[in-house]
Protein chains: 2
Amino acid sequence: MSYPASQRRSLLQEARCQTCSLSSLCLPLALELEDMSQFDAIIRRRSPLKKGEPLFRQGDPFTSVYAVRSGSLKQVTSEGNGNDQLTNFFLPSELVGLDGIDEEHYPGTVIALETTTVCEIPFDRLDSLSEELPELRGQLYRSMSKELRDDRRMMRLLSRKTADQRLASFLITLSDRFRRRGYSPFSFRLSMSRADMGNYLGLAVETVSRILSRFQQQNVVAVSGREVNILDMQRLITLAEEEAQAVNSR
Amino acid sequence: MSYPASQRRSLLQEARCQTCSLSSLCLPLALELEDMSQFDAIIRRRSPLKKGEPLFRQGDPFTSVYAVRSGSLKQVTSEGNGNDQLTNFFLPSELVGLDGIDEEHYPGTVIALETTTVCEIPFDRLDSLSEELPELRGQLYRSMSKELRDDRRMMRLLSRKTADQRLASFLITLSDRFRRRGYSPFSFRLSMSRADMGNYLGLAVETVSRILSRFQQQNVVAVSGREVNILDMQRLITLAEEEAQAVNSR
DNA sequence: CGAGCGGTTGACAAAGTTCAAATAATGTGG
DNA sequence: CCACATTATTTGAACTTTGTCAACCGCTCG
C-alpha cells in the first residue's frame, strides 16, 4: 500500500477520471469517454487525508460515496461499549460508503491507514446521473452486489475457518487485490496494524502474531514488521483451504 | 414463519402488488399507485415452492431477483468440499438474489424452508424500469445498502460474540422481523433446523441445542421443538449485548 | 414396527483467548 | 540527532469456550 515516488506523483496529478489509471477498476468503468466527463464533473476532489484521519465518522449524515484514489482506509463500527468491529479495508479504486445509502447516516467511521486521497461523489448527483447513464447504474449495482458477495465470503471465513486459514486467506486476498492494481502480488507492505488484522479477522492480536511467526518459520512468507513477502503462494493457498473438512457436515 | 390459515389464503390471493399487504415493506414501497402498476406488470408469479425445493441453485445464470411473499428460505453457499455456509434466511417482503447481480450466476443455492411463494422480478426489466422511476431506483439502492449493513452486523456477531450472545441476537432479530411484519414478536415458529441455525451462527449443532436448553432453564425463553416463546425480552437483549466487554480493547 | 433423522446431553480434547512480560519500533521535545 | 516515552509486536503459560465424539431419546415415515 505504498507506492514508488514516481507513481505517487502521477496519482496526485490525475485530477480527472479520463486520465486516472484506476478508471478501469473504478466506478466509471465501462463508461464512454463522453459519459465519463459527465461523471467526472460531479466529483469533488479532496485534500489528502493524513494517517489516522477520519474520512467521516459513524453517525455523520450520509451525503457521498468515495472512491479511493491512493492509500488505504479501514471502516470501524462501534457499538456503544468499547467493542469496535473493523468491517472493511479499502484500497485504491474501491468505493467507500455504500452501506450508508439507506439510512441518513454512515454506519461506521472510516479512517485513513496512511496518507490517502479519495474522490468524493455526492450521492444525489450520482443517483441522478445514473438515471441517464445505464452503464453507470449497472456499475453501481455491480459494485454493491460485489460487496455483498465479499461480505458472504467474509462470513464464511469468520464462521468456518481456523485462525491459520483466516490469516492465509487474508494474505491471499490482499495479494490478489494488489495484483489487480498492477502491484506485485508477492511483495507488499501492510498498512494496518496487527491489532487491525486481528479485529478484522476475529482473532486476538497475539494469535495473529503467533501465526505469522509460524508461517514465517515454515517458509511460507517472510514477514518483517509490516513488510510481507509471499514465498510459497501455492502452500499459502493450500493453507487457506485445507482442513476445511467436516465441521457440521459429517 | 407459519401463518394462520386465513392469512395464508389471503396472501395467495394477492396476485397484484397494489393489494399485497407486504407492499409497504417490499420493493414497491414508496411508489405511487400509478408507478406501482408499472412495477406490477414486470413481475412474474411463480407456483409455490415446497419445503426443501430450491428457488435456484448456486451457479445458475442470474436473471431475476425475487421478493418473498410467504414462507421462508435459506441461502447456502457451497465451496466445493462438503463445507457449506448458510449465509442468509429470507422472510416475506425480503429480496433474494441481489448478490448475483455483478456476476452471471447466483453465488448460492436458495432453498425453501417450508411452503413458500415468491414474486419473480426479471432484473433487466427492473433495471430499465428503475431508470424511469427514481423512487424505485432509490428503493433498490436502499435494499442493497441495508443488506450490506446487515452483513456487517453479522460479521460482528461472528467475530466478537460468544455462543450465548449469538443465539440471543438471533432470536431478537427474528422477533423483530416478525414484529415488523405484523406477527407476534414473542411467539413464533422456527422454520429452520438446529443445524441450519448452527451453520448460520457459526456454531456446532450441539452448542445451539445446549444454549437453547440453558435459556429455557433460565426462563428467558420457552422452546418446544421449533416453537419459540420469548418470556423475558429484556433479559434476552441483555444476554445479546452483555459480556461484550474487553476483547481487544482493554 | 424399525429405520432414520432431528434434537439433546455428557465427557473430553483442541483451538484460541487472556494475562504477563520482554523486545522492538516509532514518535516527541529539546 | 539524542534520550525518553509510548505504542506495537512477539512469546510463554494457564485457562475457557466451544467443538468433537458417543450415546440416547422421540417422532415421523415407509
Side-chain angles (χ1 to χ4, degrees), chain A residues 2 50-52 74 82-83 86 113-115 157-168 170 189-217 221-228 239 242-250, chain B residues 50-52 74 82-83 86 113-114 157-168 170 189-217 221-228 239 242-250:
Chain A
S2 64
K50 286 188 288 255
K51 179 175 174 176
K74 64 177 176 183
N83 219 329
L86 203 169
L113 291 169
E114 58 195 312
T115 302
L157 178 145
L158 292 172
S159 87
R160 310 228 92 69
K161 296 198 175 186
T162 65
D164 285 42
Q165 294 174 301
R166 293 184 199 191
L167 257 301
F170 179 69
R189 173 166 233 282
L190 302 170
S191 58
M192 71 292 289
S193 68
R194 299 287 191 270
D196 285 340
M197 291 167 61
N199 189 321
Y200 180 62
L201 296 173
L203 299 171
V205 197
E206 293 93 327
T207 307
V208 173
S209 183
R210 265 186 265 273
I211 291 175
L212 285 181
S213 298
R214 185 144 39 78
F215 282 0
Q216 170 134 274
Q217 277 178 6
V221 297
V223 185
S224 171
R226 297 191 174 184
E227 290 298 334
V228 173
L239 278 169
E242 87 182 356
E243 327 171 54
Q245 5 86 325
V247 191
N248 262 329
S249 46
R250 270 168 257 158
Chain B
K50 287 188 288 258
K51 178 176 174 176
K74 63 177 176 182
N83 219 328
L86 202 169
L113 290 169
E114 57 195 312
L157 179 146
L158 291 172
S159 87
R160 311 228 90 69
K161 296 198 175 184
T162 65
D164 285 43
Q165 294 174 301
R166 294 184 199 190
L167 256 302
F170 179 68
R189 171 167 235 281
L190 302 170
S191 58
M192 70 292 288
S193 67
R194 301 286 193 270
D196 285 340
M197 292 168 60
N199 189 320
Y200 180 63
L201 297 173
L203 299 171
V205 196
E206 293 93 330
T207 306
V208 172
S209 184
R210 263 187 267 271
I211 291 176
L212 286 181
S213 298
R214 183 143 39 79
F215 282 0
Q216 170 134 276
Q217 278 181 5
V221 297
V223 185
S224 171
R226 296 190 175 184
E227 290 297 335
V228 173
L239 277 169
E242 87 183 352
E243 325 174 56
Q245 7 86 323
V247 191
N248 261 330
S249 49
R250 271 168 257 157

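Here is the naming used below: chain letters follow the sequence lines, and residue numbers restart at 1 for every chain.
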Measure the distance from [atom1] on [X] to [atom2] on [N] and round it to the nearest whole Å.
X: Leu212(A); N: dT11(D); atom1: CG; atom2: P; result: 10 Å
X: Gln216(B); N: dG7(C); atom1: CD; atom2: P; result: 15 Å
X: Glu227(B); N: dG7(C); atom1: CD; atom2: C1'; result: 15 Å
X: Lys161(B); N: dG16(C); atom1: NZ; atom2: P; result: 22 Å
X: Arg214(B); N: dG10(C); atom1: CZ; atom2: P; result: 12 Å
X: Arg160(A); N: dG16(C); atom1: CZ; atom2: C1'; result: 17 Å
X: Gln165(B); N: dT18(D); atom1: CD; atom2: C1'; result: 14 Å
X: Leu203(B); N: dA15(C); atom1: CG; atom2: P; result: 18 Å

Quiz item: Quantified as the angle between the terminal helix axes (five pairs each), what is the overall bend of the helix from dC1(C)-dG30(D) to dG30(C)-dC1(D) to 10 degrees?
Solution: 50°

Return the minimal non-hydrogen interatomic distance between [X] and [Y], and the atom names on each side.
X: Gly202(A); Y: Leu158(A); value: N-CD2, 4.1 Å
X: Leu113(A); Y: Lys51(A); value: O-CG, 3.5 Å
X: Val205(A); Y: Ala195(A); value: CG1-N, 4.0 Å
X: Gln216(B); Y: Ala222(B); value: OE1-CA, 3.1 Å
X: Asp164(B); Y: Phe215(B); value: O-CZ, 3.5 Å

Quiz item: Among dG19(D), dG16(C), dG12(D), which is the nearest nucleotide to the side chain of Arg210(A)?
Solution: dG12(D)

Quiz prompt | Listed nucleotide nearest any side-chain atom of Glu206(B), set dG16(C), dT11(D), dT9(C) | solution = dT9(C)

Quiz item: Is the shortest side-chain N/O distance from Thr207(A) to OP1 or OP2 of dT17(C) below 4.0 Å?
Solution: yes

Quiz item: Is there a side-chain polar atom (N or O) of Ser209(A) under 4.0 Å from OP1 or OP2 of dT9(D)?
Solution: no

Quiz item: Are side-chain heavy atoms of Met197(B) and Leu212(B) found at a separation under 4.5 Å?
Solution: yes

Quiz prompt | Leu201(A) vs Lys161(A) side-chain heavy atoms within contact, under 4.5 Å | solution = no

Quiz item: When the nearest nucleotide of DNA chain C is assigned to Gly225(B) and to Gly202(A) on a heavy-atom basis, which residue is associated with the more 5' position?
Solution: Gly225(B)

Practice problem: Output yes when Arg189(B) and Glu227(B) qualify as a salt bridge under the 4.0 Å nitrogen-oxygen rule, no when they do not. | Solution: yes

Which protein N or O atoms sit under 3.5 Å from an N or O of nucleotides 22-27 of chain C?
none

Quiz item: Is the backbone N or O of Gly225(B) less than 3.5 Å from a side-chain atom of Arg194(B), with the two atoms forming a donor-acceptor pair by type?
Solution: yes

Quiz prompt | Main-chain N/O of Gly198(A) paired to Arg166(A) side chain as donor or acceptor, under 3.5 Å | solution = no

Practice problem: Could I get the full list of side chain to side chain donor-acceptor pair (under 3.5 Å) partners for Arg226(B), not counting sequence neighbours? | Solution: none

Using a cutoff of under 3.5 Å, can you pull out all pairs of nitrogen or oxygen atoms linking the protein to nucleotides 23-30 of chain D, with atom names and distances?
none

Quiz item: Who pairs with Lys74(A) by salt bridge (charged side-chain N to carboxylate O under 4.0 Å, His left out), at least two apart in sequence or on another chain?
Solution: Asp196(A)

Quiz item: If you measure from CZ on Phe170(B) to CG on Leu190(B), what distance do you get to the nearest 0.5 Å?
Solution: 6.5 Å

Quiz item: How would you label the contact of Ser213(B) with the nucleic acid (heavy atoms, under 4.0 Å): base, sugar-phosphate, or nothing?
Solution: sugar-phosphate

Nucleotide N/O of nucleotides 5-8 of chain D paired with protein N/O under 3.5 Å:
none

Self-check item: Gln165(B) and Thr162(B): side chain donor to acceptor below 3.5 Å
Solution: yes

